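Everything below concerns the one structure shown next.
We name chains A, B, ... by the order of the sequence lines, and we start the count at 1 in each one. Quick caveat: nothing in here was measured; it's all calculated off a predicted structure.
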Number of protein chains: 2
Amino acid sequence: MSRTEKVRVLIAEDQALIREGIATLLSQQNDDFEMLPGAADGEQAIEFARRYRPDVILMDLQMPRVDGIAATQRILRELPQTHVVVLTTFETNDLIFEAVSAGAKAYLLKDARIDEIAATIRAVINGQSGLSPSVAARILDEFKRLRGPRVSAKLPVRDGLTARENEILTLIVEGKSNTEIGERLHLAEGTVKNYVSTILEKCQVKNRTELAIKAITY
Amino acid sequence: MSRTEKVRVLIAEDQALIREGIATLLSQQNDDFEMLPGAADGEQAIEFARRYRPDVILMDLQMPRVDGIAATQRILRELPQTHVVVLTTFETNDLIFEAVSAGAKAYLLKDARIDEIAATIRAVINGQSGLSPSVAARILDEFKRLRGPRVSAKLPVRDGLTARENEILTLIVEGKSNTEIGERLHLAEGTVKNYVSTILEKCQVKNRTELAIKAITY
DNA sequence: AAACGAATATGACTTTCGTCATAACCGATC
DNA sequence: GATCGGTTATGACGAAAGTCATATTCGTTT
């Protein structure tokens, strides 16, 4: 994805030195970042988010008045298109899980290099995500626990569809475009379209939206 | 953490060219990797894991005889100290979640650079983890869903839409085309399209199929 | 071995979708 | 009563979806 405008970045961090330092480094890092005035606590982060509508907020977690997690919740409820990247020194399970549940798109530790922070900002803008390796490990552990023991990994195959057709149906239900499906399955776009046509006919629907609805609803 | 011995790496990948290529690149990358003979399918991966006791297995998912996920499960049950790093071209939710549940410590896509792969291998050896940015995003989404709503992560699917927009959303969810919607509401097709565009943006989705899915699911 | 059908794969072509610029309308505010 | 923000409305145009004809591969049947 290419953006014509600059990425508007807000830093919420109570220590002025760190706040200014990161802002300076980031603006040196690349000229496509527009650094907004820094927020010194959670309350101010909310206020500045409302006022400046940042694309990305670098959010510290331990801040006066309103902490970073509460600020994240309130900002995302009001401005859901904002991307919050947590940047903190602490990495307890509780903090990590709460931050992610609050809607943080990435969780970095303060020992991250500035180019990693910049790369993560670009990633979240593109709908991706970034986790420090040790944070990722904790998330994966909890993830496994939450999912519980798998019994049968097999998806119920939709009757009448071939294996290939089912693969494609699954991706359609995830909202993928034909191009994306083609890339994922190493098929030409034309091939995917043809599969879609076949599936549409078999399921007696007119277009992929109806198909997705039917597949979800049964 | 510093290790005195080399890191013993096993590659399980059915395409010989890719297998040899990664092995060569990794051994050039750093002299602390000891590359074991490559496994061409899941069955062989299990056999070689038993024989060579690797520290890390780079595991492809789509392989003949036994797939990568089944191989991961069986290897980790027998040799739980092994670290499995998934390296694949596919990134469907199912594959990712199953791989993680099976015990994979990291999940990389094949477009990763060789130094990223090397860094991930070192990370998992140190009890950390590595996820490609797009994979991390999927994990975090599912993670949030599994933990359940903490506050009210309500997306502005119906709320935040005007009355007219909601009428149109309802018809989209019924699988209607823009022409059909226009006839029903006595609007020009162009007008309907414009409404659809607005709704897509408000709901933060890329196309009407995703929109229908989100409207049904939430 | 030849014939056959089902599954898989592809590209040319038409239709539908989605974006963008633009404008009329209306209630609120100054 | 002029201005402003939000809703409603429209069409031109490039992008994506869907149709159709066609080809290959592979297991099964004759």
*Please give, in whole Å, the distance from D/dA17 P to B/Glu210 CD?*
11 Å
*Check the distance between D/dA16's P and A/Leu211's CG and give it to me in whole angstrom.*
20 Å
*Could you list all the ring pair (Phe, Tyr, Trp, His ring centres under 6.0 Å) pairs where at least one residue sits in residues 163-192 of chain A, not counting sequence neighbours?*
A/His186-B/Phe90
*Partner set under side chain to side chain contact (heavy atoms under 4.5 Å, CB included) for B/Leu76, not counting sequence neighbours*: B/Thr72, B/Thr82, B/Val84
*Whole angstrom is fine here: how far is it from OH in A/Tyr195 over to C1' in C/dA9?*
6 Å
*Would you mind listing every salt bridge (charged side-chain N to carboxylate O under 4.0 Å, His left out) that reaches into residues 171-181 of chain B, with sequence neighbours excluded?*
A/Lys206-B/Glu180
*What residues form a salt bridge (Lys or Arg N to Asp or Glu O under 4.0 Å) with B/Arg184, not counting sequence neighbours?*
none
In a table with atom names and distances, give each donor-acceptor pair under 3.5 Å that connects a side chain of residues 39-46 of chain A to protein atoms at least two apart or in another chain.
residue, atom, partner, partner atom, Å
A/Asp41, OD1, A/Glu43, N, 2.9
A/Asp41, OD1, A/Gln44, N, 2.7
A/Asp41, OD1, A/Arg65, NH2, 3.4
A/Asp41, OD2, A/Arg65, NE, 3.0
A/Asp41, OD2, A/Arg65, NH2, 3.1
A/Gln44, OE1, A/Ala40, N, 2.8

*Figure out the NZ/P separation between B/Lys202 and C/dT19, and round it to whole Å.*
14 Å
_Could you tell me how far apart B/Leu187 (CG) and D/dT7 (P) are, to the nearest whole angstrom?_
16 Å
*Mind grabbing the angle between the end helix axes of the helix from C/dA1-D/dT30 to C/dC30-D/dG1? Five pairs an end, 10° rounding.*
20°
Strictly under 3.5 Å: I want the nitrogen or oxygen pairs between protein and nucleotides 14-18 of chain C, one per line.
residue, atom, partner, partner atom, Å
C/dC17, OP2, B/Asn178, N, 3.2
C/dC17, N4, B/Lys193, NZ, 3.2
C/dG18, OP1, B/Arg208, N, 2.9
C/dG18, OP2, B/Arg208, NE, 2.9
C/dG18, O6, B/Lys193, NZ, 3.0

*Ignoring hydrogens and angles, tell me if any N or O in the side chain of A/Lys214 forms a donor-acceptor pair with the backbone of A/Val205 under 3.5 Å.*
no
*Whole-Å distance between C/dT8 C1' and A/Ile181 CD1?*
16 Å
*What one-letter contact string describes nucleotides 21-27 of chain D from 5' to 3', where B marks a base within less than 4.0 Å of any protein heavy atom, S marks contact via sugar-phosphate atoms alone, and - marks no contact?*
B------
*With sequence neighbours excluded, what pairs up with B/Glu116 under the salt bridge (Lys or Arg N to Asp or Glu O under 4.0 Å) test?*
B/Arg113
*Excluding sequence neighbours, so at least two apart, what forms salt bridge (Lys or Arg N to Asp or Glu O under 4.0 Å) with B/Glu20?*
none
*asked:* Does a side-chain N or O of B/Thr191 approach OP1 or OP2 of D/dA9 to a distance below 4.0 Å, or not?
replied: no
_How many whole angstroms separate atom CD of A/Glu165 from atom C1' of C/dT8?_
10 Å
*Over how many whole Å does the gap from A/Ile168 atom CD1 to D/dG18 atom C1' extend?*
14 Å
_Residues in salt bridge (Lys or Arg N to Asp or Glu O under 4.0 Å) contact with A/Arg50, at least two apart in sequence or another chain_ = A/Glu78
*Taking OP1 and OP2 of C/dA9, is either one under 4.0 Å from a side-chain nitrogen or oxygen of A/Arg164?*
yes
*Count the heavy atoms belonging to other residues, nucleotides or ligands that lie under 6.0 Å from CZ of B/Arg51, then report whether that count exceeds 12.*
yes
*asked:* The criterion is ring-ring contact (aromatic ring centres under 6.0 Å, His included); which residues satisfy it with A/Phe48, sequence neighbours excluded?
replied: A/Tyr52
